[in-house]
There are 2 protein chains.
Amino acid sequence: MRLKEEQEITEVAEALAHFEGFLRRRGLKVTKTRLLIAERALSMPGHFSATELWGALREQGASVATVYRTLELLAEAGLVRRCILAGTSGAIYEPYLGRRRHHGHLVCRNCGRVIEFRSQDLEEGLRRTAEAHGFCLEEAVIQGIGLCRQCRESLG
Amino acid sequence: MRLKEEQEITEVAEALAHFEGFLRRRGLKVTKTRLLIAERALSMPGHFSATELWGALREQGASVATVYRTLELLAEAGLVRRCILAGTSGAIYEPYLGRRRHHGHLVCRNCGRVIEFRSQDLEEGLRRTAEAHGFCLEEAVIQGIGLCRQCRESLG
DNA sequence: GTGAGTGCAAATGCTTTGCATGATG
DNA sequence: CATCATGCAAAGCATTTGCACTCAC
């Protein structure tokens with residue numbers, strides 16, 4: 001069995017290859033900057049904002065504008081997901097690779113903690129509901145807002 | 001059986017009473033401006049942005065700042081829900097009264113149409129998942145992004 | 001009367017855009 | 001070598017904040 005770290009590296013590499021294919025299919029250019037941004041974004045350990053990603057890249061010469069433009073492409077390619085957490089005014093993204101797909105979020109409204117859970121069954125239910133409306137489901141957002149165990153106790 | 005319109009008026013009136021109680025319980029003041037904004041927000045036919053609501057109120061002298069401040073209170077009182085639709089950069093709200101509670105959204109990524117569906121069963125599933133993590137679920141966001149029937153057909 | 005609420009305008013922060021320059025196919 | 005991508009800086013919005021004035025309690 002491979003180490004978890006190796007798996008992740010492989011996963012990111014595969015995703016980058018996928019991204020290259022996506023760019024070519026759309027007649028877009030495969031540039032160093034795009035690959036740089038994509039790699040950093042896909043290697044992020046969890047949720048991140050565009051500004052945070054930029055912070056991790058600006059020393060390498062990437063501009064905010066390009067970070068935003070590339071995040072959009074990554075989202076369209078399905079490699080990154082834009083998600084919505086409580087209390088944040090800006091957009092938050094997360095890498096959306098194999099092992100990370102099909103999860104939902106439980107966001108604590110008190111401490112901001114985010115708990116991830118497997119959401120395949122709920123997504124399946126949502127898919128059926130969508131079909132009943134003639135709607136073709138491509139992506140599911142399943143999220144709960146409330147209090148995590150700790151805050152539940154500390155707030156009484 | 002009462003007319004639908006009458007029901008809605010009653011519903012808004014009840015919600016306003018609830019809001020007053022909420023304000024008093026929190027030691028906040030019941031002001032004309034707050035009630036004005038609340039009434040307009042709760043009477044909105046569907047989803048709206050803070051700016052749209054302000055547009056419907058500015059002639060009556062309410063300022064943007066107060067609209068934002070009051071929307072926050074309404075959300076805390078559970079009378080308005082902040083929801084997340086595709087493609088919008090700003091926050092979108094919706095009245096969240098009796099008949100409208102417990103629904104999810106299917107958002108078409110092509111035309112922007114929003115289909116609402118009853119989500120009680122899915123919410124129940126989410127609640128169980130949350131409990132399993134010791135999380136106390138207060139609000140559920142269940143949403144699908146994809147293509148509506150029309151766009152599915154027209155895009156081939 | 002007193003403290004909270006409000007309007008106003010300025011500030012902030014995130015995101016997008018226009019344009020000249022540079023890299024890719 | 002024609003185009004598309006990039007960086008930079010400026011513009012655009014949505015949202016928040018500071019402050020003097022006003023109103024609910």
Side-chain angles (χ1 to χ4, degrees), chain A residues 16 19-41 47-77 80-94, chain B residues 16-17 19-41 47-77 80 82-94:
Chain A
L16 282 175
F19 187 47
E20 281 202 37
F22 169 85
L23 290 174
R24 280 191 232 286
R25 248 173 282 125
R26 301 251 292 223
L28 301 171
K29 292 179 179 170
V30 178
T31 65
K32 282 175 191 162
T33 312
R34 279 184 177 153
L35 293 179
L36 174 70
I37 296 172
E39 206 218 308
R40 269 301 171 87
H47 306 106
F48 61 92
S49 67
T51 310
E52 278 165 16
L53 180 60
W54 179 47
L57 283 166
R58 58 193 311 179
E59 51 208 18
Q60 279 150 88
S63 70
V64 220
T66 308
V67 169
Y68 276 99
R69 291 189 273 236
T70 306
L71 274 174
E72 175 109 25
L73 290 173
L74 285 167
E76 282 174 38
V80 139
R81 181 164 78 150
R82 194 169 177 164
C83 53
I84 308 97
L85 307 181
T88 56
S89 59
I92 296 291
Y93 299 83
E94 64 183 353
Chain B
L16 282 175
F19 187 48
E20 281 201 38
F22 169 85
L23 290 175
R24 280 193 230 285
R25 249 172 283 124
R26 301 253 290 225
L28 300 172
K29 292 179 178 169
V30 178
T31 65
K32 283 176 192 163
T33 312
R34 280 183 176 154
L35 293 179
L36 173 70
I37 296 172
E39 205 217 312
R40 270 300 172 89
H47 305 105
F48 61 91
S49 68
T51 310
E52 278 165 18
L53 179 61
W54 179 47
L57 284 165
R58 59 191 311 178
E59 52 209 15
Q60 278 151 89
S63 71
V64 219
T66 308
V67 169
Y68 277 99
R69 292 188 272 236
T70 306
L71 274 174
E72 175 109 24
L73 290 173
L74 284 167
E76 282 174 39
V80 139
R82 193 170 179 164
C83 54
I84 307 99
L85 306 180
T88 56
S89 58
I92 296 291
Y93 299 83
E94 63 182 354

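In this text, all values refer to a predicted model and were calculated from it rather than measured experimentally. Here is how names work: the chains are called A, B, and so on, in the same order as the sequence lines, proteins then strands, and each is numbered from 1.
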### Query
Which heavy atom in Leu35(B) sits nearest to a heavy atom in Leu16(B), and how many Å separate them?
O-CD2, 4.1 Å
### Query
Between atom CZ of Phe19(B) and atom CG of Leu73(B), what is the distance when rounded to the nearest 0.5 Å?
5.0 Å
### Summary
From CG of Leu73(A) across to C1' of dC4(D) the rounded distance in Å is 12 Å
### Task
Output every pair passing side-chain hydrogen bond (donor to acceptor under 3.5 Å, both in side chains) with a member in residues 25-39 of chain B, not counting sequence neighbours, ordered by first then second residue.
Arg26(B)-Glu76(B)
### Query
If you round to the nearest 0.5 Å, how far is CG of Leu23(A) from CG of Leu28(A)?
5.5 Å
### Query
Does the side chain of Arg34(A) get closer than 4.0 angstrom to OP1 or OP2 of dT6(D) through an N or O atom?
yes
### Query
Counting only non-hydrogen atoms, which of residues 60-70 of chain B are less than 4.0 Å from DNA chain C?
Gly61(B), Ala62(B), Ser63(B), Ala65(B), Thr66(B), Arg69(B)
## Note on the structure
Residue pair Gly27(A)/Glu72(B) against DNA chain D: nearer the 5' end by closest nucleotide is Gly27(A)
### Message
Run the side-chain hydrogen bond (donor to acceptor under 3.5 Å, both in side chains) test against Glu20(B) and tell me which residues pass, sequence neighbours left out.
### Response
Arg24(B)
### Query
To the nearest 10 degrees, how far apart in direction are the end axes of the helix from dG1(C)-dC25(D) to dG25(C)-dC1(D), each fit to five base pairs?
40°
### Query
How would you give the extent of chain B contacts on DNA chain C, as first and last nucleotide 5' to 3' within a 4.0 Å heavy-atom cut-off?
dG3(C) to dC8(C)
Can I get a per-line list of side-chain donor-acceptor pairs under 3.5 Å for residues 50-61 of chain A, giving both atom names and the distance, sequence neighbours left out?
| from | atom 1 | to | atom 2 | distance (Å) |
| --- | --- | --- | --- | --- |
| Glu52(A) | OE1 | Ser49(A) | N | 3.3 |
| Trp54(A) | NE1 | Ala62(A) | O | 3.1 |

### Under the salt bridge (charged side-chain N to carboxylate O under 4.0 Å, His left out) test, residues paired with Arg69(A) that sit two or more places apart
none
### Message
Using the rule given for side-chain contact (heavy atoms from CB on, under 4.5 Å), can you reason through Phe48(B) versus Ile92(B), listing the C-alpha separation, both sets of side-chain angles and the distance that settles it, and then say yes or no?
### Response
CA-CA 6 Å; Phe48(B) 61 91; Ile92(B) 296 291; over 6 Å; no
### Task
Calculate, to the nearest 0.5 Å, the distance between atoms CG and CD1 belonging to Leu71(B) and Ile37(B) respectively.
7.5 Å
### Query
Atom CG of Leu23(A) to atom P of dT3(D): distance rounded to whole Å?
20 Å
### Per-nucleotide protein contact string for nucleotides 20-25 of chain D (B base, S sugar-phosphate only, - none; heavy atom under 4.0 Å)
----BS
## Note on the structure
Output for pair (Glu72(B) CD, Arg82(B) CZ), nearest 0.5 Å, gives 7.5 Å
